[in-house]
Amino acid sequence: MADEQHDTIDDLLAEARTFPPPEHVTRDALVTDTALYDEAAADHEGFWARRASELVSWAREWDTVCEWELPFSKWFVGGTLNVSYNCLDRHVEAGRGDKVAIHWEGEPGDTRTLTYAEMLDEVQRFANVLKGLGVERGDRVNIYLPMVPEAAVAMLACARIGAAHSVVFGGFSSQALADRIDDAEAKVLITADGGYRRGEVFPLKPAADEAIAHTPSIEHVVVVKRGGNEVAMVDGRDHWYHDLMETADPTCPAEPMDSEQLLFLLYTSGTTGKPKGIMHTSGGYLTQVTYTAKYVFDLHPDTDVFWCTADVGWVTGHSYIVYGPMSNGATQVMYEGVPNFPGNDRFWEIVEKYGVTVLYTAPTAIRTFMKWGPEEPAKHDLSSLRLLGSVGEPINPEAWMWYHQYIGGGRCPIVDTWWQTETGGIMISPLPGVTTTKPGSATFPLPGVVAEVVDDAGERVDHGGGYLTLTRPWPGMLRGIWGDPDRYRETYWSRFPDRYFAGDGAKLDADGYLWLLGRVDDVMNISGHRISTTEVESALVSHPGVAEAAVVGATDPTTGQAIIAYVITRGGADGDGVTAEQLRAHVAAEIGAIAKPKAIFITPDLPKTRSGKIMRRLLRDVAEGRTMGDTTTLADASVVEELQRRAAESPQED
Ligand code: WTA
């Protein structure tokens, strides 16, 4: 890791280009001076309290802005609100019911348009459906859906009645779904027959069936019809969404919820095999996502068409498809499918078709577009775009420049937004009307966020590399790990006293700009998705033919990192009939296709220290084709030579 960081730092030091906000942006931008920064620096809690009262509608005002008992925070304590009221009713009441909330584009080319009034109607009905199935305030509901509007409807319906949703990305396997349902003890599962991906229907209900065969807590399953594929329905347990909606009562008043009412759980990978159920509550989270969606994307709800290309199964989809944009009453695009169906220009066709003004996507997607070439965006009129965003992993300066030039036409500012499932909303980012950007830097903490880089000893670093920490509580911060307060404390608050440690390396340049340097723990970042090495290792060793496995994330030009696995089989060097292909399929079945190793090397041995610890650094060196550094601590140095030989002989690619 140390070597890799050095490479990154060296590259970044060469980056001297700067981009001040262009005049056409500052003319109409919501923020054009440092007033918000000054206000937050002068009075942290007062700053957030003013945002909460300006941006969120409360049924009852809070008594206390923040209760902070490190590491547990509560925000707007005593206040009550309804999150779905904030995202829907208040816009309709203000006469904006006919405004489009979602322009939905199905992958095959079918479309749906939902206004705020229509969304409100659907959400009320579905909230009543959930109540009819016995869902009560405080219950958990699992959602396992493709990118269809019903995903947003289901989430908002849960919020309306005070049930917490736990969305599981549709690409996760039945096993991963079952683990998450069990941990949350969810009562109801909302899924679909199937969804579209790369021109074909992928079945979801069969995976859901497999999962709930092992999850005693699920009482009912609601199935959205999307793929049209044949599915089995269990009488009394399984119900079609459209059948239930047809007879549902159309009114379900938004009841005020406590500010600290659990809004959702979202599972994310940590450094152990068991995913963590990150807890987010209502008032603070909504304040943070409404504030960041508004100012980072400089949202002008009357004219903007916002498009966040994430899936609702990830936190980016929660905060910047559902809650942030809708709380602001914005119009957005929601797209079901992949960027290369039917052609490599699908995204640009969508931008042109809907007149997208603000596009929020991931570096891995940008690097893929770079591979496909500038001729793809050139086929379309992208002049509606005025602002671009990036999220999920460090964006390399080359990708930044390409995005700026070929997508933004050289005129759109880029907001590189750093945040995490745990932070709830964006933490470090430029504000487009004030911040001079540098390609590859997330620039500065937002007003209201206090971040510091520290060295190994926890001493503050003002210039140079170290670890990114957060030193003040913020309203959207996680409230804990579901069912495991000790793990919460241990994971985020034990490495440096009194600081939240994010798990990311970062450096500050001479101008005080922050540059993110990637994860410093055993969490990989594959195409912007967090996957822990331990999780993939556990999946591999759960195969009967595998004795031992070591997994590393190796630098990959497109996906940021790629999963490389080294496996010792029970049968010895030749795998006793176990093939790399079988093991890849096994990992896909255990976790999901996103966790499938790019390459698996079957090896007689793994490099270990004398105390028996696997030397991941060496494995990364092998995977990235570097010559070996110091192997003197190795138990058996010849292992590495053998691995290199195998790596050279058997390249495996997707
Ligand atoms: C990484 C996604 C550099 C980081 C919102 C973080 C980034 C992890 C950026 C969280 C960025 C996210 N620059 N790295 N702009 N945004 N990351 O929980 O390593 O899926 O810790 O949340 O993604 O991933 P998560």
Side-chain angles (χ1 to χ4, degrees), residues 72-76 79-88 123 126-145 150-169 177-191 212 215 217-222 252 254-268 275-289 312-315 317-319 321-324 326-327 421-425 475-485 488:
F72 295 97
S73 82
K74 289 183 180 165
W75 283 83
F76 311 117
T80 65
L81 76 164
N82 186 290
V83 170
S84 93
Y85 174 86
N86 274 271
C87 292
L88 302 169
V123 166
F126 196 60
N128 284 325
V129 164
L130 290 175
K131 281 184 173 175
L133 296 176
V135 177
E136 290 171 9
R137 196 183 285 205
D139 286 344
R140 273 83 53 212
V141 171
N142 251 92
I143 298 177
Y144 186 57
L145 282 172
E150 285 80 1
V153 169
M155 290 161 78
L156 290 165
C158 288
R160 197 165 189 89
I161 61 173
H165 53 72
S166 168
V167 183
V168 176
F169 172 56
L177 175 63
D179 293 344
R180 286 157 177 76
I181 290 174
D182 268 342
D183 191 72
E185 296 177 283
K187 247 188 189 173
V188 168
L189 172 66
I190 303 158
T191 186
I212 54 186
T215 56
S217 63
I218 294 288
E219 292 166 12
H220 291 281
V221 181
V222 180
C252 176
E255 283 170 48
M257 305 289 160
D258 194 275
S259 177
E260 282 297 330
Q261 172 78 39
L262 186 67
L263 181 63
F264 65 85
L265 297 178
L266 185 57
Y267 285 80
T268 186
K276 305 172 281 196
I278 302 299
M279 297 163 66
H280 283 289
T281 58
S282 303
Y285 171 81
L286 191 69
T287 300
Q288 180 140 1
V289 298
V312 285
W314 308 111
V315 75
H318 284 57
S319 300
I321 293 177
V322 181
Y323 295 111
M326 294 198 150
S327 172
T421 304
E422 291 85 343
T423 68
M477 71 187 283
L478 75 166
R479 298 303 194 259
I481 295 174
W482 180 250
D484 203 344
Y488 168 60

Just do the side chain to side chain contact (heavy atoms under 4.5 Å, CB included) check on V312 and V322 with the steps written out, would you? CA-CA 8 Å; V312 285; V322 181; 4.2 Å; yes
Side chain to side chain contact (heavy atoms under 4.5 Å, CB included) assessment of E219 paired with L133: CA-CA 8 Å; E219 292 166 12; L133 296 176; over 6 Å; no
Checking side chain to side chain contact (heavy atoms under 4.5 Å, CB included) for the pair L263/Y323: CA distance, chi angles, key distance, verdict? CA-CA 11 Å; L263 181 63; Y323 295 111; 4.0 Å; yes
Given side chain to side chain contact (heavy atoms under 4.5 Å, CB included), test R479 with Y285 step by step and report yes or no. CA-CA 10 Å; R479 298 303 194 259; Y285 171 81; over 6 Å; no
Working note: S282 + Q261, criterion side chain to side chain donor-acceptor pair (under 3.5 Å); need CA distance, chi angles, decisive distance, verdict. CA-CA 6 Å; S282 303; Q261 172 78 39; over 6 Å; no
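Between L130 and C158 the shortest heavy-atom distance is CD1-SG, 4.0 Å. When all heavy atoms are compared, the tightest approach of N142 to A186 is OD1-CB, 3.3 Å. In terms of heavy-atom proximity, H280 sits nearest to G476 at CE1-O, 3.1 Å.
Looking at D183 and W482, their side chains come closer than 4.5 Å, going by heavy atoms from C-beta outward. Y267 has its side chain out of reach of V168: every pair of non-hydrogen atoms, C-beta onward, lies at least 4.5 Å apart. Proximity of V221 to V188: side-chain heavy atoms (C-beta onward) are nowhere separated by under 4.5 Å. Contact check for Y144 versus I190: no side-chain heavy atoms found under the 4.5 Å cut-off. The shortest side-chain heavy-atom distance between E255 and R137 falls under the 4.5 Å cut-off. Here the side chains of V83 and M257 are not in contact, with every heavy-atom distance at 4.5 Å or above. Side-chain contact between K276 and Y488 is absent, with no heavy-atom pair separated by less than 4.5 Å.
Rounding to the nearest 0.5 angstrom, the gap separating the CD atom in E260 from the OG1 atom in T281 is 3.5 Å. Rounding to the nearest 0.5 Å places OG of S166 at 12.0 Å from CD of E185. Atom CD of residue Q288 and atom OG1 of residue T423 lie 6.5 Å apart, to the nearest 0.5 angstrom. Atom OG of S84 is separated from atom CD1 of I161 by 10.0 Å, given to the nearest 0.5 angstrom. For the atom pair CE of M155 and CE of M326, the computed distance is 10.0 Å after rounding to the nearest 0.5 Å. Rounded to the nearest 0.5 angstrom, T421 OG1 and L265 CG are separated by 12.5 Å.
In terms of modelled atom types and a separation under 3.5 Å, the side chain of T80 and the main chain of S259 share no donor-acceptor contact. Proximity of a side-chain donor or acceptor of N82 to a complementary backbone N or O of P256 within less than 3.5 Å is not detected. Side-chain atoms of R160 come within 3.5 Å of backbone N or O of C252 as a donor-acceptor pair. Proximity of a side-chain donor or acceptor of R140 to a complementary backbone N or O of A184 within less than 3.5 Å is detected.
In this view, D139 and V135, E136, K187 satisfy the side-chain contact (heavy atoms from CB on, under 4.5 Å) rule, not counting sequence neighbours. By the ring-ring contact (aromatic ring centres under 6.0 Å, His included) test, Y85 pairs with no residue at all, sequence neighbours left out. Looking at residues two or more places apart in sequence or on another chain, you find a side-chain contact (heavy atoms from CB on, under 4.5 Å) between T215 and A178, I181, D182, I212, I218.
The aromatic rings of F264 and H165 lie parallel to each other, their planes meeting at an angle below 30°, with 60° marking the opposite boundary.
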